[in-house]
Amino acid sequence: MAQDINKIELGPCIVEYGEGAEKVSFETTIGGVVLTSETTYRDQKTDQTGETIVGKRITGRNVSVTIPFGEYELSIIPKIMVGASVVTNADKSKVQINTGVGLNLVDTAKKAVIKPIARLTDKDYWVTIPLAYSETDLSYTYNNENERITNITLRSTPDENGIVLILGDETITQA
């Protein structure tokens with residue numbers, strides 16, 4: 001089989017989370033965006049075959065994308081962190097973060113799209129999570145050696161068709 005070096009993809013991406021006025025674009029990342037698909041399985045065994053596996057079933061599939069967001073922009077935090085809110089007074093604002101205990105993250109799920117910088121306009125190279133909820137953690141180091149990073153993990157939840165991940169142009173339909 002001959003190598004096709006044109007199929008080797010590298011480089012950074014942007015991630016868009018949500019749609020319309022609530023859409024957040026993560027265009028500055030430090031450390032690389034990572035997409036992960038994890039499938040869980042259950043081995044099936046019978047008494048008659050002992051420890052020999054006679055069947056293996058999928059028990060679930062989870063997708064996540066981790067985004068080490070490098071821009072320090074307070075107005076974005078409430079859009080990506082459940083339990084955060086903006087308080088505005090005249091020309092100043094602050095973000096308040098409450099405990100969030102008991103809040104259901106799945107209720108906040110939105111579409112997420114990963115677009116490689118080298119293929120920003122080519123939907124064939126995009127990755128879409130139809131419904132993703134955000135797990136956001138702050139890691140702000142105040143020194144000369146590190147940037148302040150907002151660590152975001154977007155996790156999939158199935159859409160109405162059970163889809164958790166689309167590789168390529170999501171608008172393609174069965175002919």
Taken in chain and number order and not counting sequence neighbours, the residues that satisfy side chain to side chain contact (heavy atoms under 4.5 Å, CB included) with R42 are Q44, T59
Listing request: all ring pair (Phe, Tyr, Trp, His ring centres under 6.0 Å) pairs with a residue in residues 106-125, at least two apart in sequence or in separate chains. none
CG-OH distance between N104 and Y133, expressed to the nearest 0.5 angstrom: 9.0 Å
Heavy-atom closest pair, residues R119 and W126: O-NE1, 3.2 Å
What pair of heavy atoms forms the shortest contact from P130 to T128, and how long is it? CD-O, 3.6 Å
Provide the full list of ring pair (Phe, Tyr, Trp, His ring centres under 6.0 Å) pairs with a residue in residues 44-63, sequence neighbours left out, each pair given once. none
Any side chain to side chain donor-acceptor pair (under 3.5 Å) pairs touching residues 61-70, not counting sequence neighbours? T39-R61
Any ring pair (Phe, Tyr, Trp, His ring centres under 6.0 Å) pairs touching residues 18-39, not counting sequence neighbours? F26-F69
Is there any side chain to side chain donor-acceptor pair (under 3.5 Å) pair reaching into residues 17-29, and which pairs are they, with sequence neighbours excluded? T28-E71
Please lay out, stage by stage, how E147 and Y72 fare under the test side chain to side chain contact (heavy atoms under 4.5 Å, CB included). CA-CA 9 Å; E147 296 82 8; Y72 183 75; over 6 Å; no
Show your reasoning for whether side chain to side chain contact (heavy atoms under 4.5 Å, CB included) applies to I53 and K45. CA-CA 5 Å; I53 298 169; K45 302 174 186 176; 4.3 Å; yes
Test side chain to side chain contact (heavy atoms under 4.5 Å, CB included) on L35 and V127; report intermediate values, then the result. CA-CA 9 Å; L35 173 73; V127 175; 3.8 Å; yes
Residue list, side chain to side chain contact (heavy atoms under 4.5 Å, CB included) with N143, at least two apart or on another chain: T141, E145, N146
Smallest heavy-atom separation, C13 atom then P116 atom, equals CB-CA, 3.8 Å
Name all residues meeting the side chain to side chain contact (heavy atoms under 4.5 Å, CB included) criterion together with T173; count only those two or more places apart in sequence or in a different chain, and write none if there are none. none
Could you list the donor-acceptor pairs under 3.5 angstrom formed between side-chain atoms of residues 149-170 and any protein atom two or more places apart in sequence or on another chain?
| residue | atom | partner | partner atom | Å |
| --- | --- | --- | --- | --- |
| T150 | OG1 | Y140 | OH | 2.8 |
| R155 | NE | E135 | OE1 | 2.7 |
| R155 | NE | E135 | OE2 | 3.2 |
| R155 | NH2 | E135 | OE1 | 3.4 |
| S156 | OG | V63 | N | 3.0 |
| S156 | OG | V63 | O | 3.2 |
| D159 | OD1 | N161 | N | 2.8 |
| D159 | OD1 | G162 | N | 3.1 |
| D159 | OD1 | I163 | N | 2.9 |
| D169 | OD1 | T171 | N | 2.9 |
| D169 | OD1 | T171 | OG1 | 2.5 |
| D169 | OD2 | T171 | OG1 | 3.2 |
| E170 | OE2 | K111 | NZ | 2.7 |

Does Y142 belong to the same Ile/Leu/Val/Met/Phe/Trp/Tyr cluster as L74, with side-chain heavy atoms less than 4.5 Å apart forming each link? yes
Verify side chain to side chain contact (heavy atoms under 4.5 Å, CB included) between I129 and V65, making sure each step is shown before the conclusion. CA-CA 9 Å; I129 301 174; V65 58; 4.1 Å; yes
By side chain to side chain contact (heavy atoms under 4.5 Å, CB included) - contacts of T52 (at least two apart): T49
Give the table of side-chain donor-acceptor pairs shorter than 3.5 Å for residues 75-95, with sequence neighbours excluded, one pair per line with atom names and distance.
| residue | atom | partner | partner atom | Å |
| --- | --- | --- | --- | --- |
| S75 | OG | E73 | OE2 | 3.2 |
| K94 | NZ | Q96 | OE1 | 3.4 |

Set of residues satisfying side chain to side chain donor-acceptor pair (under 3.5 Å) with respect to D43, sequence neighbours excluded: K56
